[in-house]
*Asks:* 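Structure incoming, see below.
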Amino acid sequence: MPFETTATIASFGGKLLKLAHKATSTSCEMKLNLYLPPQSSSSDKKIPVLFYLAGLTCTGDNGAEKGFLQHAASKKGIAVVYPDTSPRGLQVEGEDVAYDFGSGAGFYVDATKEPWTKGYKMYTYITEELPKALFESFKQLDGSRMSITGHSMGGHGALTIFLKNPGKYRSVSAFAPISNPINCPWGEKAFKGYFGEDQQQKWKEHDASELVKQWKGPLDILIDVPQTTIYFNSQLTIPSHPAQGTGDNFYKQGQLLPENFVKAAKESGDDKKVELRMQPDYDHSYFFISTFADDHVEHAAKHLLAW
Ligand SMILES: N[C@@H](CCC(=O)N[C@@H](CSC=O)C(=O)NCC(=O)O)C(=O)O
């Protein structure tokens, strides 16, 4: 369906469009933000696209307003898409009960368990319906050059969507991603609800630490996690006691488990480069994301602008 543009806001020399469209996969109107860098109006060349998937409780506004990805995107000539994190207002019983399930918590999967099959199809929305609609409506976007990144639940979405679709995205990176959802409380709750407790194979199909074991060929992934221990290029040191004090409470609670992802990548081959940077003192918030946003856009640009 075509997009309605509800606002146009100047940002870093380009334009942030607030968009809405009726989506079939999610059975509702979906809102999103699209950042068009200055190059999209000053050049005839099509511009590549970076998808930013947000975390629990977010809409497409959190990243657009607080993530600061537009700063580097405007310099590199990259468009940024900020989708919503779930369908809205479907009147599914229980969808607004908890912050970590239902509204604002679609987990970028297609639910197979009732009653969530009604529209909790964020995997299809993000990988198929949204890009198709965008490339039909915005001819200056280059559908053959897409990258993906995300935060927390959105980091899980970015990693799994990239790993499940070889060749579709040029690169992936993540901020504090839920890296092994089948082994953390957030993931267990979501997958139990959207797939069912007995669907272990389905759970694994949406777990980055499982998917990376099956990846064929080289990988180049950037992950930033707020904490106080240093990891670099798969050189793994698992802390016996997670650091206390400042840092990421969700990491400390075992919700993120990035070590499991690095370990799985490392075990699956020497050509899997995962640069996991533990960033001292930062917390899980958008202060962390905005600080390292330039690096993640640079990482995407390295792949999007290479050919
Ligand atoms: N309200 C919850 C915490 C929710 C939260 O921290 N959400 C994060 C993403 S967490 C993983 O997906 C977020 O991005 N929030 C929006 C923001 O603008 O910061 C609680 O009470 O624990």
Side-chain angles (χ1 to χ4, degrees), residues 11 16 18 31-33 35 51-71 80-88 94-109 111 120 122-123 125-126 148-162 172-194 203 206-209 223-227 242 246-258 260-261 276 278-279 281-293 296:
S11 175
L16 185 75
K18 293 201 167 286
K31 293 194 168 90
L32 64 138
N33 288 294
Y35 177 64
F51 287 80
Y52 171 84
L53 305 185
L56 293 165
T57 71
C58 291
T59 66
D61 290 344
N62 298 66
E65 292 173 6
K66 301 193 291 187
F68 279 69
L69 288 108
Q70 286 106 264
H71 176 251
V80 188
V81 180
Y82 300 95
D84 205 346
T85 55
S86 75
R88 303 281 170 178
E95 76 179 343
D96 292 318
V97 170
Y99 81 92
D100 54 1
F101 188 75
S103 291
F107 266 85
Y108 306 102
V109 299
Y120 281 76
M122 287 302 287
Y123 180 80
Y125 177 68
I126 297 292
I148 192 160
T149 186
H151 171 229
S152 198
M153 174 184 74
H156 142 76
L159 290 171
T160 53
I161 283 172
F162 175 87
V172 65
S173 72
F175 303 85
I178 301 172
S179 307
N180 188 195
I182 65 175
N183 286 315
C184 80
W186 275 339
E188 286 167 8
K189 177 175 176 178
F191 288 3
K192 192 172 156 185
Y194 293 133
W203 289 34
H206 289 275
D207 184 291
S209 297
I223 298 177
D224 278 307
V225 176
Q227 223 353 303
T246 56
D248 188 326
N249 278 332
F250 297 127
Y251 171 74
K252 291 176 197 167
Q253 290 166 14
Q255 297 281 21
L256 308 180
L257 305 172
N260 295 2
F261 182 76
L276 174 55
M278 305 304 283
Q279 304 291 2
D281 301 334
Y282 290 91
D283 61 22
H284 200 69
S285 74
Y286 272 84
F287 290 108
F288 159 65
I289 299 169
S290 55
T291 301
F292 298 102
H296 287 250

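Ligands are counted one by one from 1 in listed order, and the atoms in each one are counted from 1 as well.
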*Asks:* State, to 0.1 Å, how close Ala64 and Gln70 come at their nearest heavy-atom pair, and which atoms those are.
*Replies:* O-NE2, 3.2 Å

*Asks:* For ligand 1, what are the residues with a heavy-atom contact below 4.0 Å?
*Replies:* Gly55, Leu56, Thr57, Cys58, Asn62, Lys66, Tyr99, His151, Ser152, Met153, Trp186, Phe250, His284, Tyr286

*Asks:* Looking at Ser179 and Pro258, what are the two nearest heavy atoms and their distance?
*Replies:* OG-CA, 3.5 Å

*Asks:* Check the pair Glu95 / Tyr120 against side chain to side chain donor-acceptor pair (under 3.5 Å), numbers first and verdict last.
*Replies:* CA-CA 10 Å; Glu95 76 179 343; Tyr120 281 76; 2.8 Å; yes

*Asks:* Using the side-chain contact (heavy atoms from CB on, under 4.5 Å) rule, take Phe292 and Ser173 through it: C-alpha gap first, then chi angles, then the decisive distance, then the call.
*Replies:* CA-CA 11 Å; Phe292 298 102; Ser173 72; over 6 Å; no

*Asks:* Apply side-chain contact (heavy atoms from CB on, under 4.5 Å) to residues Phe51 and Ile161 and explain how you reach the verdict.
*Replies:* CA-CA 11 Å; Phe51 287 80; Ile161 283 172; over 6 Å; no

*Asks:* Name the residue from Tyr194, Tyr123, Tyr108 that meets the ring pair (Phe, Tyr, Trp, His ring centres under 6.0 Å) definition with His206.
*Replies:* Tyr123

